[in-house]
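Beneath this line is the structure, given in structure tokens, with notes to follow.
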Amino acid sequence: AGSRAHFCKEVSALHPRIPTFPAAVAAKAAAVAAAVSLLLSGTPLAGALAPDTVPSYYHAAGSRLESLVSADKAFTIPAEDICLTEEASGVTLAEGPGPEGTSVPLLQIGKGARLSFDVDCPAAGGYILTLSYIVTEESTEDVSFSLKIGGEYPFSDSREITLPSVWADDSQDYKLDRFNNEVYPLPVHTPAWQSKALNSSVYHLDIPLVFPLKEGVNRIDLEFGTVPCRISGISFGGYAAPEPYASYAAGAASKESGVTAETEPILLEGEKYTSKSHSYIRGEKTRNYNCTPYAPDSSRINLLSGYTWATPGNAVSYTFRAEQSGVYYLALRYSQSEKTNMPVFKNLYVDGRPLFGEMQSYAFPYTGSGIKTHTVSVDGSPAGLYLEAGEHTLTLESSASPLYETFEQLQDVVNEINRIALEVKKVTGNKIDKNRDWKLEEFLPDIRSELYAIADQVNTAYAVISGMASKQT
């Protein structure tokens, strides 16, 4: 479910003028289709999921999305008001610099800590949980924890939830080796406060995880791993979807703009990010003359390496300054050659949020081996971003949210085929006799309809994936 893309001169222009089936899922679909032929031999599929008494988020999320609480039911509990229970351990309350830089009470979460507390909800429904946290100790691992409500996992995905730290490069003035090639900089941990909604560690969904809470007192248990952190507060709320581009553009058109066609574009190099979510994200050295800087006789770090930020939730951020308030167009110069004829998906955030809904899970089509310039567009037309004069942050974050339902459905298909294969094996035994007709429908009267249902699911998944595909000539 990862999404790889090489981004050369990642954000090539914030410009006042308009610049002149994925492999994993396709393999899964092919395996599902081929598996039908294995049923006659009674061969169970390797790698299928074992039955789980706790439902996956996919199977539990439908009703919860519908039960999301309204904005007026949202509330935040600061660290000093979190009511710890007797089961809490490894958690202390102490004063320290908070998100605003002033000294405030903070929860210090130690290694292997258990944060157990009671929360009084004003209404029953689905809540999105957001943690305000900072990782103060250097660790290449994410903050990880499991979450239980009332002593039970609400869904299997809550067994492991992760939150990233903040990293940067030690220098953007790259050193040279004895062959005159640039040397990769070292990653540096840069502790900073972040506010993150709890999300799927597999897909990084457009709508974060929704947790079912009852009206009144709910007991919540967070059992942490080996990475300590500090928490300034926990928010409980609903989901406010970003407005569509049409309404955003109408509002932007009503604002004064000092940007003209002659305004100098803002250029950002892809490899020179301000911060990154993980230590392993880095630039890449090439001798490609389409990338800058370029040297014909040596390797230069001149693009953001695609595979290092392919995992959903991986992100890079760039800071820049807009000298004039007005509408800018975002163009990215990139290469995406990993997923043949398939797009990869990135969330685009300006100052920590998508300015409109279409910036979530934005598709970057397959480019082949070449490099292309792409202007962020909606319905085929370039989409303008209104920026006030001053400092801003642009964040690009990998996502697999558009593949979520299809992948989960295919996983269900794999599990169903495995179940049927075991039923077949009960009839045929361990030995396979190709010359014998078992007349399986006498023993398994529903097998024909079950196989047809599987075929329909595979065809549906194929149609969805095919709709994402684009042929490149």
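Taking 4.5 Å as the limit, some side-chain heavy atom of Leu330 sits within range of a side-chain heavy atom of Leu394. Two residues are said to be in side-chain contact when any heavy atoms from C-beta on lie closer than 4.5 Å; Phe345 and Ser401 fail this criterion. Counting heavy atoms from C-beta on, the side chains of Phe117 and Ile234 come closer than 4.5 Å. Side-chain contact check for Val166 versus Gln194: some heavy-atom pair is nearer than 4.5 Å. Proximity of Arg114 to Asp221: side-chain heavy atoms (C-beta onward) are separated by under 4.5 Å at one or more points. Looking at Ile420 and Ile454, their side chains come closer than 4.5 Å, going by heavy atoms from C-beta outward. For the pair Tyr153 and Pro55, the minimum side-chain heavy-atom distance is 4.5 Å or more. Looking at heavy atoms from C-beta onward, Thr308 lies out of side-chain contact with Glu284 at the 4.5 angstrom threshold.
Taking CD of Gln360 as the start and CZ of Arg353 as the end, the distance is 11.5 Å to the nearest 0.5 Å. Distance check, rounded to the nearest 0.5 Å: NZ of Lys111 to OG1 of Thr226 gives 7.0 Å. Atom CD of residue Glu152 and atom OG of residue Ser158 lie 10.5 Å apart, to the nearest 0.5 angstrom. The line from OH of Tyr329 to CG of Leu385 is 9.0 Å long, rounded to the nearest 0.5 Å. Atoms CG and CD, from Leu403 and Glu408 in turn, are 11.5 Å apart once rounded to the nearest 0.5 Å. Distance check: Leu303 CG to Glu269 CD gives 10.0 Å after rounding to the nearest 0.5 Å.
For Arg282, the CZ atom counts as densely surrounded, since its 6.0 Å shell holds more than 12 non-hydrogen atoms of other residues, nucleotides or ligands. A 6.0 Å sphere centred on CD of Glu95 holds more than 12 heavy atoms belonging to other residues, nucleotides or ligands. Remark: Glu100 CD is loosely packed, at most 12 non-hydrogen atoms of other residues, nucleotides or ligands lying under 6.0 Å away. Environment of CG in Asp72: crowded, with over 12 heavy atoms of neighbouring residues, nucleotides or ligands closer than 6.0 Å.
Between the side chains of Tyr349 and Glu397, at least one donor N or O sits under 3.5 Å from an acceptor N or O. Under the 3.5 Å distance criterion, with hydrogens and angles disregarded, a donor-acceptor pair is assigned to the side chains of Tyr58 and Gln409. Side-chain contact of Asp142 with His278: a donor-acceptor pair under 3.5 Å is present, judged by distance alone. When only modelled atom types and interatomic distance are considered, His392 and Tyr328 share no side-chain donor-acceptor pair under 3.5 Å. Between the side chains of Ser201 and Thr162, no donor-acceptor pair of N or O atoms lies under 3.5 Å. Side chains of Gln336 and Thr367: a donor-acceptor N/O pair is absent below 3.5 angstrom, by distance only. Residues Lys372 and Ser335 bring no donor and acceptor atom of their side chains to less than 3.5 Å of each other. Glu87 and Thr85 form a side-chain donor-acceptor contact under 3.5 Å, judged by distance and modelled atom types alone. Between the side chains of Asp206 and Ser361, at least one donor-acceptor pair of N or O atoms lies under 3.5 Å. Neither side chain, Glu358 nor Tyr248, offers a donor N or O lying under 3.5 Å from an acceptor on the other.
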Inset, instruction - List the steps and the verdict of side-chain contact (heavy atoms from CB on, under 4.5 Å) for Tyr174 and Lys272. - result: CA-CA 11 Å; Tyr174 308 129; Lys272 294 192 175 181; 3.8 Å; yes
Legend entry - Candidate pair Tyr334 and His374, rule side-chain contact (heavy atoms from CB on, under 4.5 Å), full reasoning: CA-CA 8 Å; Tyr334 79 100; His374 174 80; 3.7 Å; yes
Inset, instruction - I would like to know whether Leu163 and Phe145 meet side-chain contact (heavy atoms from CB on, under 4.5 Å); could you show each step before the answer? - result: CA-CA 9 Å; Leu163 296 171; Phe145 56 90; 3.8 Å; yes
Inset, instruction - Might you work through the side-chain contact (heavy atoms from CB on, under 4.5 Å) test for Tyr280 and Asn314, ending with a clear yes or no? - result: CA-CA 10 Å; Tyr280 49 76; Asn314 288 175; 3.4 Å; yes
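Shortest non-hydrogen contact noted between Ser232 and Leu106 is CB-CD2, 3.6 Å. Across all their heavy atoms, Val69 and Ala124 have their closest contact at CG1-O, 4.2 Å. Scanning both residues, Ser200 and Leu209, for their nearest heavy atoms gives N-CG, 3.8 Å. Here the closest heavy-atom approach between residue Pro242 and residue Pro354 is recorded as CG-CG, 3.7 Å. The two residues Ala363 and Pro343 have their closest heavy-atom pair at CB-CB, 3.9 Å. Residue Phe356 comes nearest to Gly384 through the heavy atom pair CE2-O, 4.3 Å, listed as atom of the first residue, atom of the second, then distance.
With Ser325 contributing its side chain and Ala389 its backbone, the two residues share a donor-acceptor pair below 3.5 Å. Between the Tyr362 side chain and the Ser377 main chain, a donor and an acceptor come within less than 3.5 Å of each other. The backbone N or O of Leu396 sits nowhere less than 3.5 Å from a side-chain atom of Tyr318 that would complete a donor-acceptor pair. In this structure a side-chain-to-backbone donor-acceptor pair under 3.5 Å is present from Asn218 to Lys214. Not one N or O on the side chain of Asn418 forms a donor-acceptor pair closer than 3.5 Å with the backbone of Val414. Formation of a donor-acceptor pair under 3.5 Å by the Asp118 side chain with backbone atoms of Cys83 is not found in this model. Judged by distance alone, with hydrogens and angles left aside, the side-chain atoms of Asn199 form a donor-acceptor pair with the main-chain N or O of Leu205 at under 3.5 Å. Asp351 contributes a side-chain N or O that, together with a main-chain N or O of Thr393, makes up a donor-acceptor pair within less than 3.5 Å.
A salt bridge is defined here as a Lys NZ or Arg NE, NH1 or NH2 lying under 4.0 Å from an Asp or Glu carboxylate O, and Asp169 with Lys276 meets this definition.
A cation-pi contact, defined as under 6.0 Å to the ring centre and within 45° of the axis, is absent between Lys339 and Tyr366.
Ring pair Phe75/Phe236: centre-to-centre distance below 6.0 Å. Here the two rings, on Phe155 and Phe211, have centers that are under 6.0 Å apart.
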